[in-house]
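Given the structure is predicted, the values throughout are model-derived calculations rather than measurements. Chain letters run A, B, ... following the sequence lines, proteins first and then strands; every chain starts at 1.
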Amino acid sequence: MPVKTVKGTRDIFYPDIEKWKFFEEKAREILKTYNFKEIITPIFEYTEVFARGIGEDTDIVHKEMYTFKDRKGRSITLRPENTASVVRAYLEHKMYAEGGIKRLFYIGPMFRYERPQKGRYRQFFQLGVEVFGSKNPFIDAETIELVINILEKVGLKGLSVNINSLGCEKCRPVYRENLQKFLKGIKEKLCEDCKRRIDTNPLRVLDCKVPSCKEALKDAPNIQQSLCEDCKEHQAKVFHYLETMGVKYEVEPNLVRGLDYYTRTVFEVVSDNLGSQNAILGGGRYDNLVKEFGGPDTPAFGWALGIDRLVLLLEDKNFDFANKTIYIVPAGNSIDYCFQTAKILRENGLASEVMADSKSLKKALNSVNKQRGRFVLIAGESEREKGIVIFKDMENKTQREIKLENIAKELKDEIDK
RNA sequence: GUGAGCGUAGCUCAAUCGGAUAGAGCACCAGACUGUGGCUCUGGGGGUUGGGGGUUCAAUUCCCCUCGCUCACCCCA
């Protein structure tokens, strides 16, 4: 094999692409009903956008980015996520100047240099939303309800919503310090990674999966009990709205996200059927990021969903992609007549394929069978002379003649039946 | 970055203790069947056994290196 896909990347095509499109169309439809507008940002940005946006000390920035120099020596990075880009765009185009709440969504490929495994690729696709300009807890709840709605509409089950609060710039530093103090006390019981994290990112220790660490953390200070009054009230309202919206959730005090910009609400949706890469989507509130980018103080909320993982869950669903293509079969020297027929169908929005290479009627029908085709038009020499085609329904094993001028109307009726 | 398992035809898999021209099913092509499908029968094409090196009279089989895939750690969507 002389050339092949780069490690961690893959081609997505029929029939898998059908699930992909199904999800995308459904999601777009629903997003529209919540008044979200699409934004397409560049696949690559100056490295600084991600370094500042995601946080210099995160694993993503530290060791997972595709970074390279362009021909003028500028440092460029393939986007590892899209929130930083959208924030950059929000500021670059001064969207805040319009006032009100801005609701944006994006869909497209992201890139991270990681060892591939089930549900994890180096090029993967995300659908995400960002809401700018409101610190109202209703936004947290409604934006979570939006994605739960999407998941339900595409028929996913067996998912759970975990939620937590990371506090704000007032109460988080206090908690962080208390946690650090606690961690130093049990340092000897922690794994090597966690020992390092005590200084770099103590909250991440809470999320460690090493059993001995979990055990040692049993009596760790709980962030839920360290929240300030404002954060407590915010969270209580988020919970209240979620309940009135009918969204079920679990409070998970150890839920910490891997990106530095989150404040207050963080959440994720996990599946039991994805192996170890079980997070299908995650997100939360980031009230300080826009300001840190040098913009006006603008609260925001967002989430990102892994489409590759979602499609993996769609695998077992029974998709009924009926083949509605009309296969037009020549007989004798009648390819011109076939094309003439196809043209009429296509002008009327019907899909058709001229079986130009078939060497006999028998082979053509055989070939249609293999493609799971149902509708056939035989447009041979004798049909041309009579100005008709023979319509054949392979499933019902019936056939009849149709005048050429009536085919669009009659076939539409047949297909809609 | 770390660990484990696996790489044989387009796909799923065989090949005895290291032994002869690497097989089968499905798929594909052709014929039986020259304007009416799924079946059946007959025949056919298709392989650098992932790549490289080593041991051996002999390697798909054993050893080393390398590449790839898969899963897990890590991280995250």
Side-chain angles (χ1 to χ4, degrees), chain A residues 1-2 4-10 54 58-65 79-83 106-128 147 191-194 196-197 201 204 207-211 213 255-259 266-271 274-283 302-313 327 329-334 355 357-384 390-399:
Chain A
M1 194 80 75
K4 60 192 304 293
T5 54
V6 171
K7 185 187 183 96
T9 69
R10 62 208 176 118
I54 300 167
T58 58
D59 284 340
I60 292 178
V61 171
H62 215 224
K63 53 189 188 190
E64 294 176 4
M65 295 204 306
R79 61 185 189 193
E81 56 106 59
N82 211 0
T83 298
Y106 58 83
I107 188 161
M110 310 295 157
F111 306 85
R112 288 184 205 172
Y113 191 91
E114 295 182 275
R115 194 82 166 256
Q117 67 188 69
K118 187 180 173 75
R120 192 171 79 184
Y121 308 95
R122 289 183 172 181
Q123 172 176 300
F124 61 101
F125 290 78
Q126 286 190 334
L127 164 70
V147 72
C191 68
E192 288 308 308
D193 283 334
C194 285
R196 182 173 43 76
R197 286 174 184 143
N201 195 350
R204 274 286 301 133
D207 211 20
C208 186
K209 278 146 197 133
V210 177
C213 287
L255 174 62
V256 175
R257 312 243 76 234
L259 298 90
V266 290
F267 79 106
E268 66 182 13
V269 175
V270 297
S271 163
L274 276 175
S276 76
Q277 305 303 310
N278 63 352
I280 183 167
L281 73 99
W303 49 252
L305 177 154
I307 300 179
D308 308 74
R309 289 180 187 177
L310 185 138
V311 168
L312 234 41
L313 292 174
Y327 295 88
V329 183
N333 184 13
S334 69
M355 307 293 281
D357 267 359
S358 62
K359 295 193 182 68
S360 72
L361 190 48
K362 185 185 179 74
K363 285 199 166 80
L365 295 175
N366 217 324
S367 175
V368 172
N369 263 324
K370 279 174 195 157
Q371 294 179 57
R372 295 210 161 90
R374 175 173 175 186
F375 304 112
V376 171
L377 289 182
I378 299 169
E381 288 175 7
S382 56
E383 285 78 21
R384 177 179 55 203
I390 296 171
F391 169 72
K392 192 172 173 61
D393 184 332
M394 305 278 277
E395 205 171 291
N396 298 342
K397 300 176 196 286
T398 58
Q399 67 177 55

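Closest to the A:K397 side chain, of the nucleotides B:rU36, B:rG31, B:rG37, is B:rG37. Nearest nucleotide to the A:K363 side chain, out of B:rC76, B:rA30, B:rC74: B:rA30. Across B:rG37, B:rA77, B:rC28, the shortest atom-to-atom separation from the side chain of A:L281 is found for B:rA77. Which of B:rC74, B:rG37, B:rA77 sits closest to the side chain of A:L365 comes down to B:rG37. Which of B:rA77, B:rG37, B:rG35 sits closest to the side chain of A:N369 comes down to B:rG37. The listed nucleotides are B:rG3, B:rC28, B:rG37; the one nearest the side chain of A:K370 is B:rC28. Checked against B:rC71, B:rG38, B:rU36, the side chain of A:Q117 finds its nearest nucleotide in B:rC71.
Between the side chain of A:R204 and the backbone N or O of A:V256, no donor-acceptor pair lies under 3.5 Å.
No contact: A:E268 has no heavy atom under 4.0 Å from any strand. At the heavy-atom level, A:I390 lies under 4.0 Å from base atoms of the strands shown. Counting non-hydrogen atoms under 4.0 angstrom, A:E383 reaches a base of the nucleic acid. The residue A:E64 sits close only to the backbone: its heavy atoms come under 4.0 Å of sugar-phosphate atoms, none of a base. In this structure, A:S367 reaches neither bases nor backbone, as no heavy-atom distance under 4.0 Å exists between it and the strands shown. At the heavy-atom level, A:K118 lies under 4.0 Å from the strands shown only through sugar-phosphate atoms. Nucleic acid contact class of A:K359 (heavy atoms, under 4.0 Å, all strands): sugar-phosphate only. Nucleic acid contact class of A:G332 (heavy atoms, under 4.0 Å, all strands): none.
Rounding to whole angstrom units, CD of residue A:Q277 and C1' of B:rA77 are separated by 9 Å. The interatomic distance linking A:N333 (CG) with B:rU34 (P) rounds to 19 Å, in whole Å. Straight-line distance from the NZ atom of A:K362 to the P atom of B:rA32: 10 Å, rounded to whole Å. Whole-Å rounding puts the A:Y121 OH to B:rA77 P distance at 16 Å. Straight-line distance from the CZ atom of A:R79 to the P atom of B:rA77: 15 Å, rounded to whole Å. Protein atom NZ of A:K7 is 13 Å distant from nucleotide atom P of B:rU66, rounded to whole Å. Between the C1' atom of B:rC76 and the CZ atom of A:R122 lies a distance of 15 Å, rounded to the nearest Å. When rounded to the nearest whole Å, the span between CG of A:N366 and P of B:rA27 equals 11 Å.
Residues A:P330 and A:M355 come closest through the heavy atom pair CD-O, 3.4 Å. Closest non-hydrogen pair, A:R122 versus A:E114, comes out as NE-O, 2.7 Å.
Taking atom C1' in both B:rA59 and B:rG53, one finds a spacing of 13 Å when rounded to whole Å. Nucleotides B:rC13 and B:rU56 have their P atoms positioned 35 Å apart, rounded to a whole Å.
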